[in-house]
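A quick write-up on the structure given underneath.
Ligands are counted one by one from 1 in listed order, and the atoms in each one are counted from 1 as well. Keep in mind that what you see is a predicted model, and the values were worked out from it rather than measured. Just so it is clear, the values below take in all heavy atoms, side chains as well, and ignore hydrogens, waters and symmetry mates. One-based numbering along the sequence shown.
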Amino acid sequence: MAATLQQAFDAAKHIVFLTGAGVSTPSGIPDYRSKNGLYTGHRNAEYYLSHTCLAQEPETFYDYVKQNLYYPQAQPNVIHTKQAALTQQGRATVITQNIDNLYRLAKTQHLIEFHGNLYRVYCQICGQEVAWQDYLQSPYHESDGGWLRPDVVLYEEGLNQVNVQRAVAAMQTADLVVIVGTSMRVYPFAGLLDYRAPQAQVVAINQESLNLGIDYQMIQTDATSFFETLIV
Ligand SMILES: [Zn+2]
């Protein structure tokens, strides 16, 4: 941890963390988009996680999601807990692409789950919420036979507009924007950077170098070691 970066964290009044799969890989959750991530058979993850798949082949969707996305034993790591601590101090908001529930387990206060949460499950007929444990037992709602689904944004589906508005508002008031564990290539999430205040400092902590097309500080390192040394 460079002293100047620690100072930037200490001085910031409103930090926004923009995060992705790299935050959860140290907790044992693979990134299905990365090269080492999950691809099964001849079709790619984008198909299995599409609205088309859910609507036309619900069994296929269910099997894929159940076998590849749920890691109920996974626990938050130091990246989650340090960020959560800053949110508990009222100094940070987390906007994450992750759907794995780990930020909630870490008791993150100001949290925007941009793509939803796998561990919220509801019935597509009656809308009732069902425990995720029940979903992993059966894809049908016991009371009406409706297909259950996780409350995540699938390919071809629109974002939750409340989440978008909250995310934009957080970006507009941030004085420090910290990108962690994401290559910022997935839109519209990556477009959130356009809403940053002109004076906001942007820092990216990632294993591979990013190309953001803006002025920012690249910290090419393992996010775990970065957050282990960050004093919050
Ligand atoms: Zn139902």
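- Side-chain polar atoms of Gln6 and Asp10 form a donor-acceptor pair below 3.5 angstrom.
- Within Asp144, the N, O or S atom lying nearest to the Zn ion (ligand 1) carries the name OD2.
- Under the 3.5 Å distance criterion, with hydrogens and angles disregarded, no donor-acceptor pair is assigned to the side chains of Thr108 and His80.
- Cys126 contributes SG and Cys123 contributes SG; the angle these two atoms make at the Zn ion (ligand 1) is 110°, rounded to 10°.
- A ring pair (Phe, Tyr, Trp, His ring centres under 6.0 Å) with Tyr119 is found for exactly one of Tyr71, Trp132, Tyr135, Tyr103, namely Trp132.
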Could you walk me through whether Tyr47 and Glu57 pass the side-chain hydrogen bond (donor to acceptor under 3.5 Å, both in side chains) test, one step at a time?
CA-CA 11 Å; Tyr47 172 74; Glu57 300 184 70; 2.4 Å; yes
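- For His141, the N, O or S atom with the smallest separation from the Zn ion (ligand 1) is ND1.
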